[in-house]
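We name chains A, B, ... by the order of the sequence lines, and we start the count at 1 in each one. Quick caveat, the model's predicted, so the values are computed rather than measured.
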Number of protein chains: 2
Amino acid sequence: MTTRQDVADKAGVSPATVSHVVNSTKYVSPELKVKIERAIEELNYIPNKTARNLAMNKTEQVGILVPSLSNPYFGAIAEGMEQVARQNGYIVSLFAPEGSDYQYISTIIERQMDGVFLANTGFQFSENQLKHMERSGVSFVAGLDIGFSGKNNNSFKNSIVSLDYDPSIRNMFKYLTELGHRRIAFLSGMPVAYSDSRKQSYLDYIGKFGLDFEEEFIITGNYPFSTSAKDGYRDMKKFLSTGTDVTAVFAINDLMAIGAMKAIRGAGLKVPEDISIVGCDNIFLSEAADPPLTTIDVPKEELGRKAMELLLRMINNNEINEIPLETELIIRDSTSFAKK
Amino acid sequence: MTTRQDVADKAGVSPATVSHVVNSTKYVSPELKVKIERAIEELNYIPNKTARNLAMNKTEQVGILVPSLSNPYFGAIAEGMEQVARQNGYIVSLFAPEGSDYQYISTIIERQMDGVFLANTGFQFSENQLKHMERSGVSFVAGLDIGFSGKNNNSFKNSIVSLDYDPSIRNMFKYLTELGHRRIAFLSGMPVAYSDSRKQSYLDYIGKFGLDFEEEFIITGNYPFSTSAKDGYRDMKKFLSTGTDVTAVFAINDLMAIGAMKAIRGAGLKVPEDISIVGCDNIFLSEAADPPLTTIDVPKEELGRKAMELLLRMINNNEINEIPLETELIIRDSTSFAKK
DNA sequence: GTGAAAGCGCTAACAA
DNA sequence: TTGTTAGCGCTTTCAC
């Protein structure tokens, strides 16, 4: 490995001067500068960032915590985050732990990461873990939906990117009721007790729009409560077998919605003629689905980008912020008039 | 930040001894060990890995280079890689550069990464760049399909995970011809000149099975030649408008296949009654597609896992390997008898 | 068995 | 304007 010393020797200057031209931290005379630059070139010198990190107590490295990457929703978020990280000289490391493996907290601390984006609201962090990270000087931003932002008790200094589903869900209800729907189910994939702002909004608007409601309309999932297309298929299939009559289903995400559509067809019914389906997230395949899925768009890359920007602001200026991101109802072909 | 010195002070021993109990590198008497462990506990001490890295000239950090993460194909690969990395105390950092941004090569070197997995065969690396990485002591494994493994001129010491599409493509042709197909197109998404083992196999088996062939059967893409559902839709639509008559289409990946199915329906035709479609990759949505897609399964998580294992073997034992991974034809409902 | 001390490659304060 | 030097927190060799 070529070190700064090698360059200094070759150029006949001191290591410090080499540093100064590498980092442009001080004025260096043109002659020396040229000499040094040539030496760098010839030796193919690349500064050792590990050493730099140690000296500066800063790694320009952040982490992203996701439940899964084969889920394109989180993939898109990671992609957005990586983009602004890269533009700012940062790198992002991946954490996709299985189950309740909290190893990554130590990993983040021991590697002196500058920050981490907790992209999954589903993880349960203990007060202690968060405190530990905070004390260790790692900034973190949490991704939350607005229904939960109130829960941030401010005992932590963390920024938040939040997603405001409510207006879009309201629009969805407006749209569906105009089409004559009065019995609308919610495909949650989660346990009954699970709270989620989407579920909350669903419940609210069922009431506000004066629609029919039965307990069964909230379709729950099964342990371990994932929300893939397969889960949507399974849960919807089970729901259909109960004979509960609904004309529309709001799925907690597009994956579940796509699975649900398959289950509906499997039962000899049609989307949207017999049952209308609305998804959520607008993943890149929802448009190519058949029928193209009516869904709520969430700006995923943007979310990743904003998360990284917030992280940067925490790291550099100790600034705490909350950025709410807007969602939007996208009407495609999986929704139509309610069946009589 | 609590350092090893703090622990040593508290426990009344020397820093070196603390190191030895932390890393179990030497025998330490039970009494001291207990004292030290208690001190570690009380101070919430977590070793600084940056310092360790510098001292050991090893970072236990690797990179993965992908074209995009919102593509679940690469997401799944990254997920597999992260999994075995984590199990081995490594972390994986993300590179999803846009266009011909080779910045990441310097990044990898300056951050002393132990290795990198080049998951995309599409990137063009110059001999120089690769040499540079090699000289800097970063191991790398490339993901290739077997048609290209011969191209590895062995001037680099890199391992390879390869994908053997050929037997599956042969099976696909066998299956399609048995269904009466004689005019089969290849939806490539790529320029005419682009070579790819899938294309090669396609051409081979067209010949071996004595099928019809016209230049137009190879459906090319458009700059910048991505292979998303949108591209598949666009390219297939254009192809259909030319009136070239085929009864089946082999798409270079599932995304393209899903887009193509949409285009076919858009033209008032049906899948598989009018045109059969075969995809490739078996991404997690292909089963939920409508109709469920006949495709060639590639073991994506496995690929990521194997890549990391190869990296580990290069890093630890200087071992070079090539692991060929098998693919498998999965027959679902997007293929059927050829239209008369 | 335990500890002192040199060194990993760099930054930054200070001296020259 | 340039160079010297003392760290950053850890590993590891070599005395004790």
Inset, instruction - Name the residue closer to the 5' end of DNA chain C, choosing between B:Lys26 and B:Met56 according to the nucleotide with the nearest heavy atom. - result: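 Nearer the 5' end of the strand: B:Lys26.
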
For [X], answer base if it contacts any base atom (sugar-phosphate contacts may also be present), sugar-phosphate if it contacts only those atoms, and nothing otherwise; contact means non-hydrogen atoms under 4.0 Å.
X       : answer
A:Ser19 : base
A:Asn48 : sugar-phosphate
A:Pro15 : nothing
B:Asn53 : nothing
A:Lys49 : nothing

[X] side chain: which of [options] is closest?
X       : options               : answer
A:Pro47 : C:dA4, C:dC10, D:dG3  : C:dC10
B:Val28 : D:dG3, C:dT2, D:dG9   : C:dT2
B:Ala55 : D:dC8, D:dT12, D:dC10 : D:dC10
A:Val13 : D:dT12, D:dG3, C:dG9  : D:dG3

In whole Å, I'd like the distance from the [atom1] atom of [X] to the [atom2] atom of [N].
X       : N      : atom1 : atom2 : value
B:Met1  : D:dG7  : CE    : C1'   : 15 Å
B:His20 : C:dA4  : NE2   : P     : 13 Å
B:Glu60 : D:dC10 : CD    : P     : 15 Å
B:Asp6  : D:dG9  : CG    : P     : 9 Å

Legend entry - Euclidean distance, A:Thr3 OG1 relative to A:Ile46 CD1, rounded to 0.5 Å: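 If I round to the nearest 0.5 Å, the distance is 13.5 Å.
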
Inset, instruction - For the pair B:Arg52 and A:Glu110, find out whether any cationic side-chain nitrogen is under 4.0 Å from an anionic carboxylate oxygen. - result: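 No, no charged N to carboxylate O under 4.0 Å.
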
Legend entry - B:Leu94 side chain reached by A:Met81 side chain, heavy atoms, under 4.5 Å: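 Side-chain contact under 4.5 Å: no.
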
Does [N] have OP1 or OP2 under 4.0 Å away from a side-chain N or O of [X]?
X       : N      : answer
A:Thr17 : D:dG3  : yes
A:Ser29 : D:dT2  : yes
A:Tyr45 : C:dC10 : yes

Inset, instruction - Establish, from distance only, whether the side-chain atoms of B:Thr59 and B:Gln112 form a donor-acceptor pair under 3.5 Å. - result: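 Looking only at side-chain atoms, B:Gln112 and B:Thr59 do not form any donor-acceptor pair under 3.5 Å.
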
